[in-house]
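Since the structure comes first, as structure tokens, the remarks are kept for the end.
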Amino acid sequence: MRRLAEVSGRSMAWLALKASGRSLALLALKVPVALLVALPVLVLLRLNGVVLFPALLVLVFAGRRLADVARRLQGRWAGVGIARPYLPRPELQPTPQRWYWTGYDYHRSRLWAAVSSWFNWVLRDPATWRDLVWMALDPVIGTVLLAPAVVGWSRPLRWHARWTRALLSPTDQAKLTARVRELAETRTEALDAQAVELERIERDLHDGAQARLIAVGLSLSLAQRQLRDDPDAAEELLAEARTTAADALHALRDLVHGIRPPVLSERGLVDALRLLGLEHPLAVTVEAELPGRLPPALESAIYFATAELLVNVTKHARARTVRVSLAPQRGTLRVTVTDDGVGGAGPVRGTGIQGIRRRLRPFDGTVDLDSPPGGPTVATLEVPCALSSPKISTY
């Protein structure tokens, strides 16, 4: 019991010391915040506003950096995650008339367009003004909230974290605006992908099955003309037409398989991936725990995303075995593709991972790639989904 009490006492002392150290670090952050807030006032009093505008720029620019530091510290020490609330910076869009559209106005010079874009982006963002309010109030309110934590009381750290989150986290309006923007981008990407897919289908039909069916018709027409005069030649033409018709049927099957494999419609995602693993040149193991069926569009997206990952493994990983696992977790389907290759893969190399991200974005899916040098490479797909009832499952 004495030993337990000593250990407990040491743990409490360590927690108090840690709370005290964290509070002192957060209090130290108030010093540059207070200096930044005082900078424009000092400049205005001493220099009569000559360099007031640059001082305000320093206040805004450095204020964002200090706010980001405060967000990271609260997430790391208090366990309160605070997302960055800033709007994405608009890209410069050149016009045919050699002007630049900043998202707010037009400029002839690219340099002035970039400067105007930055100013409008920062000053029109409501999060900028919330940062300034936090900078003006936090040196006082934050110090009052953190003062008791200096002696080792941890609860004031949580109070300060809530106060920081109240001012530095995205507002509901900002979240709604970001969500609308994301949905608009996703809709545009989905429409573009659909147009590309329709063009591919049309091209494959025109160059594949349609050309072969036309050849079948020509062969049958020639065979009909030579049926009485040269039966042997007619028989050769009929055999050629039969072979061409078989090729056309094979091309149509490949086209349908590229749109949605029949096994995916008939047997479901798990059996479709198992068949994909059997046809793969590497040793692929599929581990699945799906109690029901997914929506058809989502099944297709996950199937083709996994197939693209397996293609990437074949091309770049120099692996021998691949393991594919599927498991639903709290309304989310997680698909993990693990290979024993050389590793070193990254999302910026090539367009494979970016293409998978675009395929999953309409379903709010994410892609994470962990590929240290030497391997193994682990690609994880996560998609929110609702499985159907196990009673109607076909596998």
Is a side-chain N or O of D131 found less than 3.5 angstrom from the main chain of R64, in a donor-acceptor match? no
Any luck finding a side-chain donor-acceptor pair between T102 and N120 under 3.5 Å? no
Any donor-acceptor pair under 3.5 Å from T128 side chain to R124 backbone: no
Given side chains that start at C-beta, do those of Y86 and D68 come closer than 4.5 Å, heavy atoms only? yes
Is there a path of hydrophobic side-chain contacts, each under 4.5 Å between heavy atoms of I/L/V/M/F/W/Y residues, joining V378 to V337? no
Heavy-atom nearest pair, H160 first then D138, reads NE2-OD1, 3.5 Å
Would you mind reporting whether L220 and L238 have side-chain heavy atoms less than 4.5 Å apart? yes
Answer yes or no: is there a side-chain heavy-atom contact under 4.5 Å between T336 and V324? no
Do side-chain atoms of W121 reach the backbone of P90 as a donor and acceptor pair under 3.5 angstrom? no
Is any side-chain heavy atom of F61 less than 4.5 Å from a side-chain heavy atom of W118? yes
Would you say R323's side chain and E287's backbone share a donor-acceptor pair under 3.5 angstrom? no
Any donor-acceptor pair under 3.5 Å linking the side chain of W101 with the backbone of A113? no
Is there a side-chain contact between L309 and L381 (heavy atoms, below 4.5 Å)? yes
Has R318 got a side-chain atom pairing as donor or acceptor with G341's backbone, closer than 3.5 angstrom? no
